[in-house]
Structure formats: C-alpha cells, structure tokens
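As the structure lists them, so they are numbered: ligands from 1, and atoms in each ligand from 1.
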Amino acid sequence: MDQITESFKIPPAFNNSPGPRGLELLRIGMKFQNDALNAQTGLHTKFGDFVVCPWPNRFSVFTFSPSAIRHVLKDNQNNYIKGREYNEMRPILGEGLLTSEGELWRRQRRTMAKEFHQPRLDIYKDTIVEEAQALVRDWQDKSTLDVTGGLTDFTFKVAGRIFFGNNLAEDSEGTKTALDIETHRANERMRRAVNFPRSFPTPENIKGQRAVKHLQSVVDHVLAKGIAEDNILARLSSYRDSEGEAMKPSLIRDEVMTLLLAGHETTSTGLMWTLYLLAKNPKWQSEIIADESGQVARACFLEALRIFPPIPVIARLTKEPDTLDGHHIPANTSIVLSQWVTHRDERFWPKPLEFRPERFLDCQLKYNQDGTFFPFALGARACIGEAMAMLEAEIALVTLLKEYSFSLAGGFEPKPNHHVTLRSGNGMLLDIKKRL
Ligand code: HEM
C-alpha cells in the first residue's frame, strides 16, 4: 500500500499544478487505455494548456500551448530527448534516426539528409508516378472499397523501391506483415501500464521476436548478395565518412528499417484521411483537378494532416530542469505534445473541424514554424521525409482524382484510433466512380 501511495506522490515542483488527482486520475487513466485521443481533448478542456498527470508508474506533463511546443521542439531542443515510449521501437529500429540520440544521431542525420534533398526527390518522382498509376489500375473494377489497404500498398511499394530497389519485391508481403506485427506489439506495450519483459515468452513476444528476426534477415540477405542497383540501401553501404570509415552493417539495417517504418504508414494514413475529407467536400476534388500546379492537392493534404495528424502525439523527456510557460519542470520529466489537441484548438484554427484547405493555400511556409501546426514536428528532429511525403501526396491525389470521384459509402463514419499512427478502427469505406 505504501508503494502505491508513494507512486501517486507528486514531485514538490508540481504540488499546485492543474491536473486530475485521485479517482478522477484513475478514470482518465482508463479512458486513455481505450480512447486516448478524446482523453487528451478532455484534459485540455478541463485543465487548460498545462496538465500534470501523476500516473502510478510515471507522471506526464501535457503541454498544449504553441509557445511550449516551440520551446520543447526548437528553442531548447537540446534539453529534450526521446522518451521511454521510443524504447519500445528499438527492437526493429535499433540506433536508426528515429531512436538514436547525441553525436550518433547528428552524424546519421547529416548522412541521411542527402537522400531527401531536391535532386534525389526528382529521381524518386518517376517511381511514385508509376506506383500511383498502378493503384489507379487496381481500383478500376471497384465501386465501393476500403481504401486503407490500397493506400498502404502504394506507400509501401514506393518506400520499398526507393530504399531497397527491386530487392524487396519478392518478399514485400512478408516484410509488411512483419512490420505490422512488431508495430502492433510496440503499440500495445506503450498503452499498457505494466508489461512482461520483452524476452519473456508470451505469445505476443514470441510473435514479435519472429517478426524482428524476419525483418533483420531481409536486410542482411540483400546486403550479403550485394546490391547492383542505385538506391538508398546501396548508397549507405558504399558510404565512407571523412576518415574513410564505412557504416556498420547493423546501423545500415537500422536506418533502412527506420525509413521503411517511418516512411510508409504515416503517408498512407495521411492520404486515407485526405480522401475521407475530400469525399465529404467534393468541391475540393474538382479544385484539385483544375489546378495545374499541384498546390491545391498539397493544401488539401496539409489540411487533412491538421484535422487528422498521422502522428497525433510526440513525447519527450527533460535532461535538465527547465521552465515551460512559467511552470518549473524537473529533470527526467515526460512531456507530451499533442498535435491532435493543438491542431483542433479554435484559438488558432477558427471552426477547427471544418475542412478548409484555403488555410494552407497562401501560407505554405508559415505552417511549419509557429507551434500551432506540427504534423512533421519542428526543429532539428523534424521529419526528414517531409518533402518526400508531400511529393507522394500530391502525385497520388492528382493521379487518383483525375481518374475517379470519391464519396462516403452510405452511412459510413470512421472511428479514429491512435495506434502509433492515427488509423481508423473500422477502415475507410468510400464509393468510387470513374470520371467520364
Ligand atoms: C505524412 C507523412 C509523415 C508524417 C506525418 C511524419 C511525421 C513525423 C514526425 C511527427 C516525426 C517526429 C517524431 C518525433 O520526434 O517523435 C517524424 C520523424 C521522422 N520521419 Fe516522418 N512523417 C511522415 C513521412 C515520412 C517519410 C515519407 C519518411 C521517410 C522517407 C519519414 C521518416 C522519418 C524519420 C527518419 C524521422 C526521424 C527524424 C529524426 O529524428 O532525425 N517520415 N516524422
């Protein structure tokens, strides 16, 4: 009992901080298990921009204000590392960009950044166009369909080809399934208050470990047979730093797995919510087709990322004590930033639930800076694949909409569900009609 009382104890710095306590904390904790998105909205509505939750196994600080978001992600970013949540991703991502810290991360970021600059994007474009056309063909006989599977296939094939060349083609399904299994395991472990160690042979752990071994063997196999084509995996394996040192094979594996995981489901989820919002707002389908520049498609995608951010929360851990919006924060505090809440805050986004792509038509650059909109995060650790995701979205939307119109299948309403990315718990059922 003493231990339980001890674990609910609030550090003196948070004695008078707003947030749920006692039974209300337990009730909200349970809500987080089943409906984390609305639980966050509820915290914000009731307690405001700064909320302290002393959970039994840790305490979390939710900060919803743009100034705090900017502070954590940009202005004082060196004081914030990736929190415990990211440890759950380490079995597949190892020391890749998403999970590494410090000098290793800095070095890797410099190396990997070259892969996502404009000259490379121009080369990736052909692959994206080909896969978007393949998706159009796959959907040609459909009248009603769940678009989730096709969109995930599209982004997975694009990522597979750009990162691995044709090497993934023979085991594309196996790789996708293994990634899904391990992401599911990580997600469940993040949600639960208490977990068995990963090495303990529960059915979930056994399945997860098999999936991780499978993923590792896919990359090792490609590296061992030698890579004839030009792709990211090939370039990383021939990379030499200024001292002539090659990258360790295990690090190459971590990097390509990171790209594959971070780079496909986020984009397909964003596209799925965009098609949903376009189905509800057909006027914007015509606007996309009429626009030669691709800007309207991009604005529609950004507006969808605002209402349904594929990564709906970002967590960080303080290294040293800090001050956030006037609140003292001790070292080793878990800070949660919520795109889901801040993107829907009517102080910054009038009529926040309305789909209004015009918000992004005139201010394409402003969006990523002020802390009211951060689907790709901000600062030095912002998404490295942002430009690639925007290019994929533009090409996919323009290609699909020139061929088809979309409307909501009768009576269908999606159920947003936070599962690492923001999925829909019941898929995304749309009616699809060939344009005449
Ligand atoms: C709509 C699509 C995407 C969204 C919404 C998105 C979102 C994000 C966010 C929020 C982060 C920061 C995570 C954190 O710091 O906790 C991130 C990081 C990252 N993303 Fe993306 N992403 C998308 C597409 C992509 C693509 C296409 C790629 C790869 C080609 C990619 C690769 C990465 C990597 C490697 C990182 C880690 C960067 C670092 O820490 O240096 N993402 N992404």
Exercise for the section: Please indicate whether any nitrogen or oxygen in R381 is less than 3.5 Å from any nitrogen or oxygen in ligand 1. Expected result: yes

Fill in the blank from the handout: Short version for K82: what comes under 4.0 Å of ligand 1, heavy atoms counted, is side chain

Handout entry: Location of contacts on Y80 toward ligand 1, heavy atoms closer than 4.0 Å
Key = neither

Completion exercise
Under 4.0 Å from one or more heavy atoms of W105, ligand 1 contributes atoms 39 (C), 40 (O), 41 (O)

Practice task
Examine F62 together with F50 and report whether their ring centres are nearer than 6.0 Å.
Solution key: no

Problem - Least distance between heavy atoms, L378 atom then F373 atom - result: CD2-O, 4.3 Å

Fill in the blank from the handout: Judged by heavy atoms only, the candidate from L98, L259, I232, L73 nearest atom 37 (C) of ligand 1 is L98

Completion exercise
So the atoms of ligand 1 within less than 4.0 Å of a heavy atom of F163 turn out to be 30 (C)

Exercise for the section: Would you check if the side chain of T111 reaches a backbone N or O of R107 as a donor-acceptor pair within less than 3.5 Å? Expected result: yes

Fill in the blank from the handout: When distances are taken from atom 6 (C) of ligand 1, the protein heavy atom at minimum range is F376 CD2, 3.7 Å

Practice task
Would you mind finding which of A387, P312, C383 brings a heavy atom closest to atom 31 (C) of ligand 1?
Solution key: C383

Practice task
Could you check atom 38 (C) of ligand 1 against the protein and tell me its nearest heavy-atom contact, residue, atom and distance included?
Solution key: R109 NH1, 3.4 Å

Exercise for the section: Please report the closest heavy-atom contact between N332 and L317, naming both atoms and the distance. Expected result: OD1-CD2, 3.5 Å

Practice task
Among all protein heavy atoms, pick the one closest to atom 12 (C) of ligand 1 and tell me residue, atom and distance.
Solution key: A377 CB, 3.7 Å

Handout entry: Contact check: T258 vs ligand 1, nitrogen or oxygen atoms, below 3.5 angstrom
Key = no

Exercise for the section: For the pair D146 (side chain) and M428 (backbone), establish whether a donor and an acceptor sit closer than 3.5 Å, ignoring hydrogens and angles. Expected result: yes

Completion exercise
Numbered in order shown, the ligand 1 atoms found under 4.0 Å of a heavy atom of F116 are 30 (C)

Exercise for the section: Run the ring-centre check on F406 versus F412 and record whether the distance is less than 6.0 Å. Expected result: no

Handout entry: Polar contact flag, side-chain donor to acceptor under 3.5 angstrom, Q285-S405
Key = no

Practice task
May I ask whether F374 places a heavy atom under 4.0 Å from ligand 1?
Solution key: no

Practice task
May I ask you to identify the nearest protein heavy atom to atom 23 (C) of ligand 1, giving residue, atom name and distance to one decimal place in Å?
Solution key: T266 OG1, 3.4 Å

Problem - ligand 1 contact on P375 by region, counting heavy-atom pairs under 4.0 Å - result: backbone

Handout entry: S100 and E95 side chains, donor-acceptor separation under 3.5 Å
Key = no

Handout entry: Atom indices of ligand 1, in the order listed, that fall short of 4.0 Å to a heavy atom of M388
Key = 30 (C)

Exercise for the section: For this output row, return yes or no: ring centroids of F360 and W284 closer than 6.0 angstrom. Expected result: no

Handout entry: NZ or CZ of R344 within 45° of W349 ring axis and under 6.0 Å
Key = no

Exercise for the section: Examine the side chains of H71 and D322 and answer whether a donor and an acceptor come within less than 3.5 Å of each other. Expected result: yes

Practice task
Could you tell me the residue and atom name of the protein heavy atom closest to atom 29 (C) of ligand 1, and the distance to it rounded to 0.1 Å?
Solution key: G263 CA, 3.7 Å

Completion exercise
If you scan protein heavy atoms around atom 15 (O) of ligand 1, the nearest is R316 NH2, 2.7 Å

Completion exercise
shortest atom 32 (C) of ligand 1-to-protein heavy-atom contact is with A262 CB, 3.6 Å

Fill in the blank from the handout: Check: of V158, T267, L260, min heavy-atom distance to atom 2 (C) of ligand 1 comes from T267

Handout entry: Side chains of Q118 and D122, donor plus acceptor under 3.5 Å
Key = yes

Completion exercise
Among non-hydrogen protein atoms, atom 35 (C) of ligand 1 lies closest to I384 CG2, 3.6 Å

Practice task
Give a yes or no on whether the ring-centroid distance for H343 and F374 is below 6.0 angstrom.
Solution key: yes

Handout entry: Those atoms of ligand 1 less than 4.0 Å from some heavy atom in Y86
Key = 14 (C), 16 (O)

